[in-house]
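Read through the structure below, which is laid out as structure tokens, and then see the notes.
Just so we're on the same page: letters track the sequence lines, and every chain starts at 1. All values derive from a computational prediction rather than experimental measurement. When reading the values below, keep in mind they use all heavy atoms of this one structure, side chains included, and skip hydrogens, waters and symmetry mates.
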Number of protein chains: 2
Amino acid sequence: MEDYAVYEARAEVVKALAHPSRIIFVEALAEGERCVCELQELVDATMPTVSRHLAQMKNAGIVTGRREGNQGYYRLLVPCIMELFHCIDAVRRDAAERMAESVET
Amino acid sequence: MEDYAVYEARAEVVKALAHPSRIIFVEALAEGERCVCELQELVDATMPTVSRHLAQMKNAGIVTGRREGNQGYYRLLVPCIMELFHCIDAVRRDAAERMAESVET
DNA sequence: TGCTATTTTAGCTAAATAGCTAATAATGTC
DNA sequence: GACATTATTAGCTATTTAGCTAAAATAGCA
């Protein structure tokens, strides 16, 4: 309760990952820099929507953007975020196992 | 785009962590099982609100709950989630450094 | 300058999330 | 059974988030 700001800050970063499209972007950016147009092709959304997602991720400090010519490029600032997804996939597998068990029981 | 469901599922788990109170609960539960009343004391919210947060986390497969007497106990199912917070704190430190640099420059 | 391509911002609406109070369950005790 | 305690669920309102279209930047090129 005392340094609640720390938890709010953490939540901001987590929120910046809490959307299917943004997770897809992180996964793509983990392999290297991508331009906005490439990222758009990965999801079913308009360019403005993609741009806003990227802005949110940038604001949270997850990615950084640069401009080259008339197109924008983004790259992942924190590769360790990929480990999170491995962890999450483990969570999901565990949940699936518990479901299976409870059916048996 | 083809197995979009995987990304939606991941997003559900991430969303279940995307709130200051829920992050506080995860941190507390990382140290061991806690009853609902103990968790409530950690945050500024009513019992129903705490209960809903815990239900969401349970639904996402992050925690599991049991009843003993007339009080409920929860425990963390996936300790690796704590690594996420270390990663996030690193993200925040990096962001702070970049801020400092951009001021100098 | 005028035109095109790419990205971002503005302004709006619809949907999701978070919180409360009140009501209901579930247990334990007298 | 009556009552107290703890937790959950229901029903509601306020805030936040996500998406779109339209408009505005930004950069390249004729």
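A donor-acceptor pair under 3.5 Å is absent between the side-chain atoms of A:Q71 and the main chain of A:C35, judged by distance alone. Between the B:R22 side chain and the B:K15 main chain, a donor and an acceptor come within less than 3.5 Å of each other.
Helix bend of the helix from C:dT1-D:dA30 to C:dC30-D:dG1: the angle between its two end axes, each built from five pairs, comes to 10° after rounding to 10°.
The separation between B:E38 atom CD and D:dT6 atom P is 12 Å, rounded to whole Å. The distance from atom CG of B:N70 to atom C1' of C:dT24 is 16 Å, rounded to the nearest whole Å. Note: OH (A:Y73) to P (C:dT7) measures 8 Å, nearest angstrom. What separates CD of B:Q71 from C1' of D:dA4 is a distance of 14 Å, to the nearest Å. If you take CG of A:L54 and P of D:dA18, they are 13 Å apart, rounded to a whole angstrom. A:Q40 places its CD atom 17 Å from the P atom of D:dA18, with the value rounded to the nearest Å.
Closest heavy-atom contact between A:I62 and A:A16: CD1-CB, 3.6 Å. Of all heavy-atom pairs spanning B:A28 and B:L42, the tightest one is CB-CD1, 3.5 Å. Of all non-hydrogen atoms in B:A45 and B:Q40, the two that sit nearest each other are O-NE2, 3.2 Å.
Distances from the side chain of B:M47 to the nucleotides C:dT27, D:dA27, D:dT8 place D:dT8 closest. Minimum atom distance to the side chain of A:R52 is reached by D:dG19, of the listed D:dG19, D:dG11, C:dT7. Side chain of A:T49, nearest nucleotide from C:dT9, C:dA5, D:dC20: D:dC20.
At a threshold of 4.5 Å between side-chain heavy atoms, the hydrophobic network of Ile, Leu, Val, Met, Phe, Trp and Tyr places A:Y4 and A:V6 in two separate groups. Hydrophobic clustering of Ile, Leu, Val, Met, Phe, Trp and Tyr side chains at less than 4.5 Å, counting indirect connections, unites B:V63 with B:M82. A:Y73 and A:I24 are not part of a single hydrophobic cluster, where members link through side-chain heavy atoms under 4.5 Å apart.
Contact check for A:T46 versus A:V50: no side-chain heavy atoms found under the 4.5 Å cut-off.
For the pair A:A45 and B:S51, nearest-nucleotide mapping onto DNA chain D gives the more 5' position to B:S51.
Here B:E27 pairs with A:R10 in a salt bridge; the nearest charged N to carboxylate O distance falls below 4.0 Å. Ion pair A:R66/A:E68 flagged as a salt bridge, since at least one NZ, NE, NH1 or NH2 atom sits closer than 4.0 Å to an Asp/Glu carboxylate oxygen.
Between A:F25 and A:H53, the ring-plane angle classifies as perpendicular under the 30° and 60° cut-offs.
Of the side-chain N and O atoms in A:T46, one or more sit less than 4.0 angstrom from OP1 or OP2 of D:dC20. Taking 4.0 angstrom as the limit, A:H53 places a side-chain polar atom (N or O) nearer than this to OP1 or OP2 of D:dG19.
Of all the residues in residues 55-69 of chain B, B:R67 reach under 4.0 Å from DNA chain D with at least one non-hydrogen atom. Looking at residues 11-22 of chain A, you'll see A:K15, A:H19, A:R22 sit with a heavy atom under 4.0 Å from some atom of DNA chain D.
Nucleic acid contact class of B:Y74 (heavy atoms, under 4.0 Å, all strands): sugar-phosphate only.
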